[in-house]
Amino acid sequence: MLLTISALRAAGRKMLKEAEVDSYVIDADVLLMHVLGVDKNVLLMESDRVISDTDAERFWVFVKKRLGKMPVQYIVGKCEFMSMEFVVDENVLIPRPDTEILVETVLSKEKSGMKGLEIGIGSGCISVALAHHGGINMMGVDISPKAVDIARQNASKWRQNCNFIVSDMFANVSHRTLFDFVVSNPPYIPTADIEQLGENVKSHEPRNALDGGPDGLRFYRDICRDVTEYMTPGGRIYFEIGYDQGHAVKHILCMAGFSDINIIKDLAGHDRVIHGTCS
């Protein structure tokens, strides 16, 4: 029996739905588009196109991975962020729409040509987006060599000359360069809360990109302890924060000598970004 796009699409949706995958409609379509190398218009306009056995087999391999709770972004190896496509795998956190608020906040305050440092680059999406959309000169560090490799791929993909290096915080950052701002989306989930996360997150995304210590605030304290040594006077710091961490992180920034501290909320009205000025 010949398989068409329509038949395979319907079968994939049915299997994912029966497994109680909430996003079964979108997921089946994304996986099928990835296998065929087509866009949504082809799925709709060429639904009677016959699919080869090889492509059908690849599709079912991907569906089975999704049934195992692997995020779609890891299965297809890419994710959209700030209207840009980024390479991702299980060595880096999947970029979230909420993090776009962090990038947009930086872009609203920092000018083209400024020097920025990102702590914990992961996929590099924040730094590359700042360079691409804002003309900002970005350096970024991450403790994971595999994450740095992914970030470099993404910088190359978007032809941005970001300087990404392996470093535990500031360990390999020279004091000779002072930065106009520092930005970070650090791990901020309390250790005990990680087991309450969805299976797709806790079993597939890198734990070291999630675990913020007993109270979720470890990395804010660690960064703020040394960050002013690497900043120009009047430079700014920008953090993404958990939905209920605004007051606590503001206190950490105050104790580190930052002033003019502001908390930005997301569309749901939760704390999402905090920024302050180096005295």
Side-chain angles (χ1 to χ4, degrees), residues 82 98-122 124-143 151 160-188 209 212-213 215-266 271-279:
M82 292 293 295
D98 283 340
T99 303
E100 294 188 0
I101 300 171
L102 176 62
V103 174
E104 289 164 353
T105 301
V106 176
L107 289 173
S108 72
K109 297 185 175 297
E110 307 298 337
K111 299 177 182 178
S112 175
M114 286 189 164
K115 294 179 181 178
L117 172 66
E118 182 184 0
I119 305 296
I121 53 176
C125 66
I126 292 173
S127 285
V128 176
L130 289 172
H132 178 77
H133 291 294
I136 296 170
N137 298 313
M138 292 301 302
M139 179 177 179
V141 302
D142 202 290
I143 197 171
Q160 300 300 325
N161 190 28
C162 301
N163 180 19
F164 294 145
I165 64 170
V166 178
S167 180
D168 183 0
M169 297 288 193
F170 303 99
N172 296 327
V173 179
S174 171
H175 281 88
R176 292 193 297 271
T177 300
L178 297 181
F179 297 92
D180 298 305
F181 70 90
V182 173
V183 60
S184 183
N185 176 19
Y188 56 70
D215 61 359
L217 302 173
R218 172 193 166 190
F219 290 95
Y220 300 110
R221 296 190 189 95
D222 288 351
I223 292 171
C224 288
R225 184 180 60 240
D226 300 317
V227 69
T228 55
E229 299 177 23
Y230 299 87
M231 299 179 70
T232 60
R236 296 185 182 90
I237 191 166
Y238 302 85
F239 284 128
E240 180 170 331
I241 56 178
Y243 72 96
D244 59 351
Q245 294 177 327
H247 179 76
V249 179
K250 182 175 182 178
H251 177 71
I252 291 170
L253 287 171
C254 286
M255 295 300 292
F258 287 88
S259 59
D260 190 24
I261 300 169
N262 292 281
I263 298 171
I264 310 296
K265 295 187 180 294
D266 59 24
D271 296 346
R272 185 55 57 194
V273 170
I274 190 167
H275 61 89
T277 302
C278 181
S279 301

Practice task
Just do the side chain to side chain contact (heavy atoms under 4.5 Å, CB included) check on Leu217 and His251 with the steps written out, would you?
Solution key: CA-CA 11 Å; Leu217 302 173; His251 177 71; over 6 Å; no
Practice task
Measure from the side-chain N and O atoms of Arg272 to the backbone N and O of Gly242, and report whether any donor-acceptor pair falls under 3.5 Å.
Solution key: no
Completion exercise
For Ile223 and Phe170 the tightest heavy-atom approach is O-CE1, 3.7 Å
Practice task
Kindly say whether Met82 contributes a backbone atom to a donor-acceptor pair with the side chain of His133 at under 3.5 angstrom?
Solution key: yes
Exercise for the section: Could you tell me the separation between the CE atom of Met139 and the CZ atom of Phe164, rounded to the nearest 0.5 Å? Expected result: 10.5 Å
Handout entry: Where Ser259 and Ser279 come nearest, the two heavy atoms and their spacing
Key = OG-OG, 3.9 Å
Handout entry: Geometric class of the Tyr220/Phe239 ring pair [parallel <30°, tilted 30-60°, perpendicular >60°]
Key = perpendicular
Handout entry: Smallest separation among heavy atoms of Ile261 and Cys254, with atom names
Key = CD1-SG, 3.5 Å
Exercise for the section: Walk me through it: do Thr105 and His275 pass the test side chain to side chain contact (heavy atoms under 4.5 Å, CB included)? Expected result: CA-CA 9 Å; Thr105 301; His275 61 89; 3.9 Å; yes
Problem - Within-4.5 Å side-chain heavy-atom neighbours: Val182 and Ile119 - result: yes
Problem - Candidates Lys109, Glu118, Glu110 - the one meeting side chain to side chain donor-acceptor pair (under 3.5 Å) with Tyr238 - result: Glu110
Practice task
Supply the atom-to-atom distance Cys278 SG to Asp180 CG, rounded to the nearest 0.5 angstrom.
Solution key: 11.5 Å
Practice task
Look at atom CG of Asp244 and say whether more than 12 heavy atoms of other residues, nucleotides or ligands are closer to it than 6.0 Å.
Solution key: yes
Exercise for the section: Can you sort out the partners of Asp222 under salt bridge (Lys or Arg N to Asp or Glu O under 4.0 Å), two or more places apart, ordered by chain and number? Expected result: Arg218, Arg225
Handout entry: Heavy-atom closest pair, residues Ala256 and Thr228
Key = O-CG2, 4.1 Å
Completion exercise
Output for pair (Thr177 OG1, Asn137 CG), nearest 0.5 Å, gives 11.0 Å
Problem - From Ile126 atom CD1 to Asn185 atom CG, the distance as rounded to the nearest 0.5 Å - result: 5.0 Å
Exercise for the section: Could you tell me which non-hydrogen atom of Ile241 sits nearest to which non-hydrogen atom of Gly246, and how far apart they are? Expected result: CD1-CA, 3.6 Å
Completion exercise
Nearest heavy-atom approach of Ile136 to Lys111 is CG1-O, 3.8 Å
Exercise for the section: Hey, could you give me the CZ/CE distance between Phe179 and Met138, rounded to the nearest 0.5 Å? Expected result: 8.5 Å
Problem - Atom pair CG/CD of Asp98 and Glu100 - distance to nearest 0.5 Å - result: 9.0 Å
Exercise for the section: Kindly write out the residues that satisfy salt bridge (Lys or Arg N to Asp or Glu O under 4.0 Å) with Asp271, not counting sequence neighbours, or none if the list is empty. Expected result: Lys265
